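Report on the following structure.
Because the structure is predicted, anything quoted here is derived from the model rather than measured. Numbering starts at 1 and runs along the sequence shown. We count ligands from 1, going down the list as the structure has it; atoms in each ligand are counted the same way.
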Amino acid sequence: MKVIVLGAGIIGVTTAYYLARRGAEVTVLDRQPGPGLETSFANAGELSYGMSSPWAAPGIPIKAIKWLCMRYRPFMIWPLLSPTMWGWCLRMLANCNAQSYRINKGRMVRVSSYSRDALTDLLREEKLDFDLREMGTLQLFRSQKQVEASKADQEVLAEFGSPFEVLDRDGCIGAEPGLAHVAQKFVGGLRLPADRTGDCRMFTLALAERAAALGVRFRYNVTIKGFAMEGGRIVGVETERGRETAEKYVCALGPYAPIALRTVGIKVPIYPIKGYSITLPVTDPDAAPQSTLMDETHKVAITRLGSRIRVAGQAEIIGYNRKLGPHATDTVCHVVTDLFPKGGDVAKAEGWTGLRPMTPDGTPIIGPTRYDNLFINSGHGTLGWTMSAGSGRLTADLVLGRPPEIPIDGLTVARYGQ
Ligand SMILES: Cc1cc2nc3c(=O)[nH]c(=O)nc-3n(C[C@H](O)[C@H](O)[C@H](O)COP(=O)(O)OP(=O)(O)OC[C@H]3O[C@@H](n4cnc5c(N)ncnc54)[C@H](O)[C@@H]3O)c2cc1C
């Protein structure tokens with residue numbers, strides 16, 4: 001079976017790897033000179049199975065207004081004249097209710113739990129170097145109000161069987177000893193001990209090498225224009241270097257998936273939500289984070305990746321804008337300096353920006369389309385690294401006609417009437 005995977009981000013590479021493992025002849029196309037150079041490049045590094053929740057939740061519209069007013073704000077929306085953008089925002093708002101939240105959370109937990117198990121299997125089979133740590137995630141509360149609000153999350157975690165620990169100030173310092181320097185700045189936390197952390201780009205690169213060793217052909221510097229269709233079937237991928245053909249096609253173009261898919265009439269509500277990160281060297285390992293810490297106030301994640309610290313966050317609605325302005329990373333710089341003042345050297349931080357491929361319901365789009373030889377694996381939003389192994393394995397099974405190991409209802413593009 002010849003398969004073309006469009007996109008060499010974390011999602012395209014995991015898909016290609018599992019397809020090759022199952023015997024397919026795979027070609028991956030990407031416009032970049034290597035794998036994982038766009039959204040998968042410098043994310044927060046959390047494999048956050050416990051925090052697999054949609055952003056669209058009850059109470060979010062009010063919180064979003066408050067966030068807009070903060071100095072170091074986690075959220076920003078630009079008043080663009082874009083019907084696509086406002087249409088996406090309305091669809092997201094329509095999901096901010098208890099019933100939709102429960103349905104969407106259930107779907108996301110299904111994919112992320114499967115991904116956790118798939119990654120466990122994968123790491124047994126392949127030796128991959130990506131600064132993995134298995135020390136959980138700590139959500140840090142700066143106010144008693146946040147502690148109280150977390151009780152609703154704890155109920156949901158208990159319902160979905162995700163292990164968690166409620167920590168007081170000393171408990172937080174026990175989990176993250178570097179916080180001892182700023183103990184007066186927080187009151188407690190919620191720890192998710194089953195979460196992992198690791199560098200998504202390093203993993204993507206290492207898995208692409210394994211995939212290449214299995215025979216996957218990576219064609220870089222190839223810009224995709226769309227699909228070619230004849231007689232109701234997909235007959236190729238149109239690129240700036242001509243047409244590429246196979247028997248089956250998987251669209252794993254992250255935030256750019258809607259652009260390719262609309263050339264064959266499929267409308268997917270994936271919208272780019274811009275985020276930022278910095279990566280800085282650790283100066284004092286004991287004063288630096290040991291795993292991931294999520295600052296609930298600023299919605300910024302601080303992750304230890306070997307001898308580096310990655311600090312990521314912010315959600316900016318500004319279309320396909322990938323510019324890194326001079327003050328763009330002020331929020332992430334502020335949070336790491338505030339919580340780990342002696343841990344790393346912010347003066348040596350490298351800034352980055354990426355576009356999360358977000359669906360309005362938070363759930364990725366995985367599975368078949370109305371064309372029998374076209375599949376989608378895109379729209380993983382804030383959790384593409386977390387959900388990558390399961391999404392890749394699931395897609396490979398579906399493409400090759402094998403029975404999927406988890407149900408796909410509610411995951412495919414059919415939920416949008418497409
Ligand atoms: C600030 C930030 C922090 C994050 N933190 C986390 C986290 O801690 N944990 C987590 O699980 N997730 C996190 N994410 C989300 C995660 O990074 C994404 O969900 C994931 O990287 C998406 O992967 P992808 O392969 O779908 O997209 P991408 O990595 O963007 O891959 C898509 C590929 O398609 C290629 N492409 C696009 N258009 C074309 C074209 N026309 N022609 C050819 N090639 C094309 C691109 O070059 C790219 O390589 C974060 C995201 C951001 C922005």
Identify whether the distance between the nearest side-chain nitrogen and carboxylate oxygen of [X] and [Y] falls below 4.0 Å.
X	Y	answer
Glu240	Arg31	no
Lys248	Asp372	no
Glu134	Arg196	yes
Arg393	Asp121	yes

Evaluate [X] for polar contact with ligand 1, using N/O atom pairs at a separation under 3.5 Å.
X	answer
Glu38	yes
Ile11	yes
Thr382	yes
Tyr256	no
Trp385	yes
Ala312	no
Ile224	yes
Cys200	no
Glu46	yes
Ser277	no

Which is closest to [atom] in terms of heavy atoms, [options]?
atom	options	result
atom 2 (C) of ligand 1	Arg310, Met387, Arg356, His380	Arg356
atom 49 (O) of ligand 1	Asp30, Asn221, Ile10	Asp30
atom 23 (O) of ligand 1	Ser40, Gly381, Gly9	Ser40

Hey, which atoms in ligand 1 end up nearer than 4.0 Å to a heavy atom of [X]?
X	result
Tyr276	1 (C)
Thr386	9 (N), 10 (C), 11 (O)
Ala252	32 (C)

Quiz item: Strictly under 6.0 Å, is that where the ring centroids of Phe75 and Trp55 end up?
Solution: no
Self-check item: Test applied, side-chain contact (heavy atoms from CB on, under 4.5 Å); reference residue, Gln418; option that passes from Leu261, Ile266, Thr369, Val268
Solution: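 Result for side-chain contact (heavy atoms from CB on, under 4.5 Å) with Gln418: Ile266.
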Exercise. Could you tell me which non-hydrogen atom of Met358 sits nearest to which non-hydrogen atom of Thr382, and how far apart they are?
Key: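 In terms of heavy atoms, the two residues are closest at SD-N, 3.7 Å.
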